[in-house]
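Have a look at the structure below before the remarks.
Here, residue 1 is the first one in the sequence, and each next residue gets the next number.
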Amino acid sequence: MMPGYALFRRQWSGFSFIELMITLAIMAVLVAVAVPLLQINMQRQKERELRTALTEIREALDAYKRASEQGRITLRIDESGYPSSLEQLVMGVEDERSPNRQKMYFLRRLPIDPMLPPPSDGKPAWGLRSYESPSDYPAEGEDVFDVYSLSDKVGLNGVPYRKW
């Protein structure tokens with residue numbers, strides 16, 4: 001063998017253009033499959049957060065109603081027993097049965113709707129339904145009986161987030 005041949009051989013060793021193109025094509029197929037799966041997983045995570053937030057607020061509304069039925073919250077005759085705003089759940093109300101009028105708190109903080117962009121004023125936005133409004137057409141009123149998402153998107157289960 002000639003001494004220059006070994007030098008020439010080492011200089012050109014490596015991957016051919018075809019091998020690189022095949023590798024890139026395989027990687028492109030893998031990425032094309034992975035991206036939709038990642039998007040679905042992100043949407044599932046947001047849906048879990050929405051369910052958790054709705055459950056947390058609804059449980060707090062029910063606890064407020066129970067406290068009002070037990071006579072722990074002062075009500076007027078025409079009131080339903082539900083809070084007049086979501087902020088009351090966080091700010092607390094005086095316990096009428098407590099000797100030193102301690103406050104009862106129903107939420108530590110008001111959860112945000114994960115299906116909407118973060119609020120600019122820091123105040124979470126929820127659709128509010130009063131006790132007097134029908135379930136098929138929720139409307140605000142003097143109290144807060146239920147909450148719903150203001151998002152126009154549809155969940156993975158085919159149900160709009162407003163109906164959750």
(message) Counting only heavy atoms from other residues, nucleotides and ligands, does the tally under 6.0 Å from CD of Gln45 exceed 12?
(response) yes
(message) Would you say NZ of Lys65 has more than 12 non-hydrogen atoms from neighbouring residues, nucleotides or ligands within 6.0 angstrom?
(response) yes
(request) Answer yes if the side chains of Tyr131 and Glu142 hold a donor-acceptor pair under 3.5 Å, and no otherwise. (result) no
(message) According to side-chain hydrogen bond (donor to acceptor under 3.5 Å, both in side chains), does anything in residues 89-99 pair up with another residue at least two apart or in another chain? List the pairs.
(response) Arg72-Asp95, Thr74-Glu96, Glu96-Arg101, Ser98-Asn100
(message) Hydrophobic clusters here meaning ILVMFWY residues chained together by side-chain heavy-atom distances under 4.5 Å, can you tell me if Phe145 and Leu75 are in one?
(response) no
(request) May I ask you to check whether over 12 heavy atoms, not counting those of Glu69, lie within 6.0 Å of atom CD? (result) yes
(message) I'd like to know if the side chain of Trp164 reaches the main chain of Val159, judged simply by a donor and an acceptor atom lying under 3.5 Å from each other, with no hydrogens or angles considered.
(response) yes
(message) Tell me if a side-chain donor or acceptor on Arg58 pairs with a main-chain N or O of Val147 at a distance below 3.5 Å.
(response) yes
(request) Mind checking side-chain contact (heavy atoms from CB on, under 4.5 Å) for Asp152 and listing every partner two or more places apart, or none if nothing turns up? (result) Arg162
(message) Can you give me the closest heavy-atom contact between Ala60 and Leu107, atom names plus distance?
(response) CB-CG, 3.6 Å
(request) Please report the shortest heavy-atom distance between Ile73 and Phe106, naming the atom on each side. (result) CD1-CZ, 4.2 Å
(request) Please name the pair of heavy atoms, one in Ser135 and one in Pro138, separated by the smallest distance, quoted to 0.1 Å. (result) O-CD, 3.8 Å
(request) In sequence, state the C-alpha distance, the side-chain angles, and the governing distance for Leu89 and Leu61, and then conclude on side chain to side chain contact (heavy atoms under 4.5 Å, CB included). (result) CA-CA 8 Å; Leu89 300 173; Leu61 289 169; 3.8 Å; yes
(message) Would the distance check show the side chain of Glu47 and the main-chain N or O of Leu156 forming a donor-acceptor pair, the cut-off being under 3.5 Å?
(response) yes
(message) Looking at Ile18, I'd like to know if its CD1 atom is crowded, meaning that more than 12 non-hydrogen atoms belonging to other residues, nucleotides or ligands lie closer than 6.0 Å.
(response) no
(message) For Asp62, give me all partners under salt bridge (Lys or Arg N to Asp or Glu O under 4.0 Å), at least two apart in sequence or on another chain.
(response) none
(message) For a quick test of reading the model, state the closest non-hydrogen atom pair linking Asp113 to Ser149 and the distance between them.
(response) OD2-OG, 2.6 Å
(request) Identify the heavy atoms of Ser68 and Gly81 that sit nearest to each other, and give their distance. (result) OG-O, 3.1 Å
(request) Would you name the heavy atoms of Tyr64 and Gln88 that are closest together and state the gap between them? (result) OH-OE1, 3.7 Å
